[in-house]
J.: 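Okay, handing you the structure first.
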Amino acid sequence: MQTLRDLPSLRSAIAALRHDGKPVALVPTMGALHDGHMALVEEAKRHAGHVVASIFVNPKQFGPNEDLDLYPRREASDSRMLADAGVAILWAPTVDVMYPAGFATNVSVSGVSDGLDGAARPGHFDGVATVVSKLFNQVRPDIAVFGEKDYQQLAVIRRMAADLDMDIAIVGLPTQRAEDGLALSSRNAYLTPQERKDALALPRALGEAARQLHKGVAVGEALEAASAMILAHGFSSVDYVRLCDAGTLAEMATLDRPARLLAAARIGTTRLIDNIAVQPK
Ligand code: PAF
């Protein structure tokens, strides 16, 4: 695996990869890799002959009071995991390469970015859309793979790729979970042992809300019960629990089409998100 940090080297390495005509897949990450990321790499291998992974902790998607400085950085072990998995190129640009002096462009996807995490973390999805469009232009992959764990991010990227005629197939991979059901996330590393146990309330509350909705319980009532269940199990606050259209993420008051239940809540110093699919009867 080649680890590259400047654009000319990346461009020539990608050109060399493309000599055999096989598709190239990109797996964008911020590092601190876990089994969820490695599942994205395996999915990329199913779709393409060559896999490029990127590691870049993107300052533009962190708010002023968020965990940019504390975000786990483990490039040496990440790099070993990616090489063992058969990744051809690790693209690991510095902040100066990604955002050189004078950088002034912002990619903003309205609508799908506005609610949920977009409301709780102003500017976050502009930062994501800006860096992902740069990664797409740098690597020029045929396919890019993202996890459904960040469901709103996936929806924003799908919208952006369609709106900007990016000729890249966006593949979403179902959330990878620990055996007990907690969604895998780099931020789980911040949890104390007790918080790790309590954190299970998040997927359990979503599962229970989905069961209630299927039984015909009103949306508002099911969401309120989910929120109360999360708060009763060690979380200090709930940013949102919402039922949204699975494609547009518009809020839904009745379960009358394919939907997604999404939640974000804080436990100790950590903010966790999760989501599950809910189908109408
Ligand atoms: O999901 C992530 O790790 C990041 O948001 C991404 C897509 C790599 C953009 O920085």
Side-chain angles (χ1 to χ4, degrees), residues 36 63 109-125 128 146-159 162 170 172-185 187-188 191 194-268 270-281:
V109 184
S110 61
V112 72
S113 295
D114 295 344
L116 306 167
D117 262 32
R121 305 178 67 190
H124 171 68
F125 288 117
V128 170
F146 297 87
E148 285 185 352
K149 148 90 176 16
D150 296 295
Y151 193 83
Q152 189 176 13
Q153 166 174 283
L154 176 60
V156 168
I157 291 165
R158 283 193 199 285
R159 184 75 263 158
I170 308 297
L173 188 73
T175 304
Q176 306 294 302
R177 296 183 181 276
E179 259 177 38
D180 60 7
L182 186 68
L184 299 186
S185 163
R187 290 192 168 94
N188 293 351
L191 301 172
Q194 184 57 47
E195 288 167 355
R196 172 64 186 77
K197 282 185 197 151
D198 291 342
L200 276 183
L202 188 59
R204 286 184 179 155
L206 289 179
E208 182 54 26
R211 278 187 290 279
Q212 296 302 319
L213 289 168
H214 273 134
K215 276 192 204 158
V217 170
V219 171
E221 199 182 314
L223 300 185
E224 259 178 46
S227 205
M229 182 172 165
I230 293 166
L231 288 172
H233 289 86
F235 282 79
S236 55
S237 63
V238 172
D239 279 356
Y240 58 81
V241 183
R242 298 259 161 48
L243 183 74
C244 295
D245 180 281
T248 64
L249 291 185
E251 266 188 61
M252 291 166 63
T254 49
L255 180 56
D256 53 7
R257 56 194 192 277
R260 209 82 193 178
L261 261 172
L262 304 104
R266 287 172 201 275
I267 184 161
T270 310
R271 182 175 184 277
L272 297 179
I273 59 173
D274 202 350
N275 68 85
I276 57 170
V278 193
Q279 303 300 336
K281 271 197 184 160

J.: Do Ile273 and Tyr151 have side chains that approach each other closer than 4.5 Å (heavy atoms only, starting at C-beta)?
T.: no
J.: To the nearest 0.5 Å, tell me how far Lys281 NZ sits from Leu255 CG.
T.: 9.5 Å
J.: Scan residues 225-238 for pairs that pass salt bridge (Lys or Arg N to Asp or Glu O under 4.0 Å), counting only residues two or more places apart or in two chains.
T.: none
J.: Quick one: pull up OG1 in Thr175 and CG in Leu182 and give me the separation to the nearest 0.5 Å.
T.: 11.0 Å
J.: Partners of Asp274 by side-chain contact (heavy atoms from CB on, under 4.5 Å), sequence neighbours excluded?
T.: Arg177, Ala183, Leu202, Pro203, Leu206
J.: Quick one: closest heavy-atom pair of Ala155 and Gly247, and the distance?
T.: CB-O, 4.3 Å
J.: Cys244 versus Leu249: any side-chain heavy-atom pair under 4.5 Å?
T.: yes
J.: For Asn188 and Leu272, run side-chain contact (heavy atoms from CB on, under 4.5 Å): C-alpha distance rounded to whole Å, both residues' side-chain angles, the deciding distance at 0.1 Å, then the answer.
T.: CA-CA 8 Å; Asn188 293 351; Leu272 297 179; 3.6 Å; yes
J.: Which atom pair, heavy atoms only, marks the closest approach of Pro174 to Glu148?
T.: CA-OE1, 3.5 Å
J.: Is His214 reaching over with its side chain to a backbone N or O of Gln279, donor-acceptor style, under 3.5 angstrom?
T.: yes
J.: For Arg121, does the CZ atom sit with more than 12 other heavy atoms under 6.0 Å from it, leaving out its own atoms?
T.: yes
J.: Determine the minimum heavy-atom distance between Ser113 and Phe125, stating which atoms define it.
T.: OG-CB, 3.6 Å
J.: About how many Å separate CD of Glu195 and CG of Leu200, when rounded to the nearest 0.5 Å?
T.: 13.0 Å
J.: Compare every heavy atom of Ala199 with every heavy atom of Ile267, then report the nearest pair and how far apart it is.
T.: CD1-N, 4.0 Å
J.: Donor-acceptor pairs under 3.5 angstrom involving side-chain atoms of residues 220-234: please list them, not counting sequence neighbours.
T.:
| from | atom 1 | to | atom 2 | distance (Å) |
| --- | --- | --- | --- | --- |
| His233 | ND1 | Met229 | O | 2.7 |

J.: Check whether any side-chain heavy atom of Met252 lies under 4.5 Å from a side-chain heavy atom of Val219, and answer yes or no.
T.: no
J.: For Ala209 and Leu261, which heavy atoms make the closest approach, and how far apart are they?
T.: CB-CD1, 3.9 Å
J.: Tell me, please, which residues at least two apart from Asp239 pass side-chain contact (heavy atoms from CB on, under 4.5 Å).
T.: Ala120, Ala264, Arg266, Arg271
J.: Can you tell me how far the CG atom of Leu243 sits from the CD atom of Glu251, to the nearest 0.5 Å?
T.: 9.0 Å
J.: For Leu116, does its backbone N or O pair with a side-chain atom of Arg242 as donor and acceptor, under 3.5 Å?
T.: no
J.: Do Thr254 side-chain atoms and Asp256 backbone N/O form a donor-acceptor pair below 3.5 Å?
T.: no
J.: Which atom pair, heavy atoms only, marks the closest approach of Leu262 to Tyr240?
T.: O-CD1, 3.6 Å
J.: Are the side chain of Asp245 and the backbone of Ala259 linked by a donor-acceptor contact shorter than 3.5 Å?
T.: no
J.: Check each of Asp117, Val156, Ile157 against Val128 using the side chain to side chain contact (heavy atoms under 4.5 Å, CB included) test, and report the only one that passes.
T.: Ile157
J.: Test of understanding: with side-chain contact (heavy atoms from CB on, under 4.5 Å), list the residues that count as partners of Ala178, not counting sequence neighbours.
T.: Asp180, Leu184, Arg196
J.: Does Pro122 have any side-chain contact (heavy atoms from CB on, under 4.5 Å) partners at least two apart in sequence or in another chain, and if so, which?
T.: none
